[in-house]
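Okay, structure first, notes after.
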Amino acid sequence: MSITPLMPVYPRCGVRPVRGEGAYLIGERGERYLDFASGIAVNLLGHGHPHLTKAIQDQAATLMHVSNLYGSPQGEALAQRLVDNSFADTVFFTNSGAEAVECAIKTARAYHSSGGNPQKHNLITFNNAFHGRTLGTISATNQEKLRKGFDPLLPGFDYAPFDDLNAALDLVDDNTAGFLVEPVQGEGGIRPASQPFLQGLRDICNERDLVLVFDEVQCGVARTGSLYAYEQYGVEPDILASAKGIGGGFPMGACLATEKAARGMVIGTHGSTYGGNPLAMAAGQAVLDVVLEDGFMDQVKATGERLRGALEQLIPNHDHLFEGTRGMGLMLGIKLKSDSRAFVAHLRDNHGLLTVAAGDNVVRILPPLNIEQTHIDECIERLSAGAASYTPPET
Ligand SMILES: *Cc1c(COP(=O)(O)O)cnc(C)c1O
């Protein structure tokens, strides 16, 4: 037997964390890492945040799980809070991002089928999109590396270049249900959409009764400096998938929708055994307690600007390696002149700094949202030392 007990689908690195303290991870041998990856935009309050930890501990001792067969005071309260703070009128809770996107896809299709137009079932999605790893969500991207070997995939998706409004409009036909798009592409390389692109999608949706679905699994929950990124574009979706940071490390997600867009999601059309259980709801409430506090979003924006400014200053000193910075709030990327994976590994193994590689030669910088100036300084020191000691692999 040579297969590992953990199914070997990840190229796992030598960092083996056993403990976390705020913005730091501690490995098996006691080594410390500055964690500017945050479990890929998940641990938005850092590790071991006292308010989140206590909420989970207290709820676990009170009531962990029942079933969606019963009334849910905890789910009603968190859904109401999301509704009060967003475009949405209704929320379905899931356990992951892919499930939130799946629910969003079903909601979009059900909108048209319940309106007497079942032929309007195609969603237009975008190059380099990442929507998850289920069969439905890998069908919703044209990235070959995610799809290869898993045919037959789900029909019902068309693909256009990201941020190209005319190309997207050209694909609209009588079978189009709407658009599924990340306002800021994450895995694709921290690429914020332009405002006219998202506005143009909104306009055609209004004209032709299509649905606009935003995948804010990575860019949502205060990451960009507003509860959801769409707020900064002034473009509201009809349906939105949220996850990653929403539980601060507790696995959960949510599909938010307007009353109109959710018209097809009636009793019996969807479900989840765990989705929205009291323990998840306690985690979600604790995260919102912190991020909705007065001044928190302003702090994220200000911290993001300081970090980005500091990164910008590094660029000219290492212009053989760095091309520029991109992103919004604390969802930042450094674009390299060569593949980012080897540099991310170098920062991790030789300079104790955790970041995440993304498409388009980008190093993703996704720190906890509550970091302080000392963490920024430390990140810049490690990055700068890392850039100085780095030789890109021969290509
Ligand atoms: C991570 C991610 C997903 C998938 O979330 P999972 O929790 O891994 O299923 C979907 N969409 C986007 C934009 C993501 O970044």
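Reckoned from all heavy atoms, side chains included, excluding hydrogens, waters and symmetry mates. Whatever order the structure lists ligands and atoms in, that order sets their numbers, starting from 1.
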Handout entry: Parallel, tilted or perpendicular: rings of F343 and H346 (30°, 60°)
Key =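 The rings of H346 and F343 lie parallel, inter-plane angle below 30°.
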Problem - Residue list, ring-ring contact (aromatic ring centres under 6.0 Å, His included) with Y228, at least two apart or on another chain - result: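 Counting only residues at least two positions away or on another chain, Y228 forms no ring-ring contact (aromatic ring centres under 6.0 Å, His included).
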Practice task
Could I get the full list of ring-ring contact (aromatic ring centres under 6.0 Å, His included) partners for F87, not counting sequence neighbours?
Solution key: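 By the ring-ring contact (aromatic ring centres under 6.0 Å, His included) rule, F87 matches Y230.
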Handout entry: Side-chain donor-acceptor pair present, D289, Q285, cut-off under 3.5 Å
Key =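 No pair is found: no donor N or O on one side chain lies under 3.5 Å from an acceptor on the other.
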Practice task
Sort out for me which residue in F214, F157, Y159, F197 forms a ring pair (Phe, Tyr, Trp, His ring centres under 6.0 Å) with F126.
Solution key: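 Looking at F214, F157, Y159, F197, the match for F126 under the ring pair (Phe, Tyr, Trp, His ring centres under 6.0 Å) is F197.
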Problem - L146: hydrophobic cluster co-members (side-chain, 4.5 Å) - result: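 Under the 4.5 Å side-chain rule, L146 groups with F130, L135, I138, F150, L153.
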Exercise for the section: Heavy-atom cut-off of under 4.0 Å around ligand 1: list whichever protein residues fall inside it, by chain and number. Expected result: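 Those residues closer than 4.0 Å to ligand 1 by some heavy atom are S96, G97, A98, F130, H131, G132, E182, D215, V217, Q218, K244.
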